[in-house]
Amino acid sequence: MHSRSHAKKLAVVLLLSGSFPSAVMLNGQDLPPVNYDESRVPHYTLPDLLVMSDGRRVTTAEQWQKERRPEILKLFEKYVYGRTPSKPVRVEWTLVESSDEALQGKAIRKQLVGRFPEFPNAPEFDLLVYLPKSDRPVPVFIGLNFQGNHTIHPDPAIRVTRSWVRNNPQLGVTNNRASEASRGAMASRWPVEYILGRGYGVATMYYGDIDPDYDDGFQNGIHPLFYEPGQTRPKEDEWGSIGAWAWGLQRALDYLVSDPNVDPRRICLMGHSRLGKTALWAGAQDERFALVVSNNSGCGGAALSRREFGETVKRINTSFPHWFNDVFPAFNDRVNELPVDQHMLVALIAPRPVLICSAEEDLWADPRGEFLSALHADPVYRLLGTDGLAVREMPGLKQFIASRISYHIRPGKHDVTPYDWQVYLDFADLHLRPDSSRKE
Ligand code: GCU
């Protein structure tokens, strides 16, 4: 087994360099050149969503729900993201700050801290919630953020994260501690006033509160809270960081469904990039998320692994060995033998609305592979009686597809933009806002 921390350092260097060279030595491995040529995508056959591992065909919605869905969930646990340990670990949420006159009187702000009562030295989760003023419970978008809650908006009341943050001189992060300098730095990804203006709340939590995104053999973050006596790292088939981030999202959801100002049936989950992979995995596992948006989630997210276009399973496991479980790398050179591919992850969200978003220049994330996952998840949605994906061919730029599975591609780079939020909210309005509740 290679050293995870060495791989991590290399991954960071490559990330900072902004682009991946076509061939690269990574963690002592000579990786094949990245393929960006559609004509060189290998021939592949996807696992059939509607055939059980024992060969039986799935022909009814009930069979999907009772047998195939749980089977596929287990396959993703076993082969990709890892199993969440069954030990019950409790999070208690405490309101630590609130205002009914936030953002120039436009919003309600609540800040909560999630603590582990059985583990006083464990990490703490900071949850930031903005809600539009309304006399009825409102729908909410929840998503993890990359740099700390205080970076999503310049609001001076937002608590600066106390957790480990990757050093970043531009954001004033030194010694892995965030400071005032990064307040509002990521605001372009979180157009809070716009979202509130559309009648939705926004809830966010820093992913590093749950598990800092570097490889330390799972000594920090929440993994150790789940160790059995004598255990020092997750077992081979247990969760990595994505599994932990997804668990943290579910704990934030526990709070949201209990908030009387929030409509528990309209909580939408959104995530970008590695946090888009996380959103899909959390949304797949927890049916309380009413709608899921994956933004530029790529390999290990919405993109089909078998296409090996842009980032591959081998590359992701080499660059980020702490994201998945320790079984996934066994498939680095034989993705065709994986019992799952990522269309099956999208299908686990059925029949709930799911929107897969790509960016034209984000070839690393394989936009076509993301579209194909949406397309191939369609039979499950149809079996469950919804319209699935309304198109068969990949749509052009900026075309909104009005169906239960939707796919959208915009011009530009790997990022979250205010325009993207317009699309997410149009999609959420379409599915979660029957005309009767539009007046809110
Ligand atoms: C890297 C990584 C991707 C990931 C992205 C991100 O590019 O290779 O898999 O989605 O970082 O999270 O920004």
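Positions are given from 1, in the same order as the sequence printed here. Order of listing sets the numbers, starting from 1, for every ligand and every atom in it.
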**Q** Salt bridge (charged side-chain N to carboxylate O under 4.0 Å, His left out) with Arg404: which residues, sequence neighbours excluded?
**A** none
**Q** Less than 3.5 Å apart, which donor and acceptor atoms pair up between the side chains of residues 388-398 and the rest of the protein, not counting sequence neighbours?
**A**
{"residue": "Arg392", "atom": "NH2", "partner": "Asp378", "partner atom": "OD2", "Å": "3.2"}
{"residue": "Arg392", "atom": "NH2", "partner": "Leu389", "partner atom": "O", "Å": "2.8"}

**Q** Could you tell me which atoms of ligand 1, counted from 1 in the order shown, lie closer than 4.0 angstrom to a heavy atom of Lys277?
**A** 3 (C), 4 (C), 9 (O), 10 (O)
**Q** Within the distance-only criterion (no hydrogens, no angle test), does the side chain of Thr151 pair as donor or acceptor with the backbone N or O of Ser182 below 3.5 angstrom?
**A** no
**Q** For Trp323, counting its heavy atoms only, list the atoms of ligand 1 lying under 4.0 Å from any of them.
**A** 4 (C), 9 (O)
**Q** Just going by heavy-atom distances, which of Arg274, His414, Glu311 is nearest to atom 3 (C) of ligand 1?
**A** Glu311
**Q** Is the Tyr407-Phe400 ring centre distance short of 6.0 angstrom?
**A** no
**Q** Using a strict 4.0 Å threshold on nitrogen-to-oxygen distance, state whether Arg189 and Asp420 make a salt bridge.
**A** no
**Q** Within ligand 1, which atoms have a heavy atom of Ile316 less than 4.0 Å away?
**A** 9 (O)
**Q** Between Arg315 and ligand 1, which part of the residue brings a heavy atom under 4.0 Å of the ligand: side chain, backbone, both or neither?
**A** neither
**Q** Is it the side chain, the backbone, both or neither of Tyr207 that has a heavy atom closer than 4.0 Å to ligand 1?
**A** neither
**Q** Looking at ligand 1, does any of its N/O atoms fall within less than 3.5 Å of an N/O of Ser273?
**A** yes
**Q** So which bit of Leu275 gets within less than 4.0 Å of ligand 1, heavy atoms only: side chain, backbone, both or neither?
**A** neither
**Q** Checking ring-ring contact (aromatic ring centres under 6.0 Å, His included) between His408 and each of Tyr424, Phe371, Tyr419, which is the one that passes?
**A** Tyr419
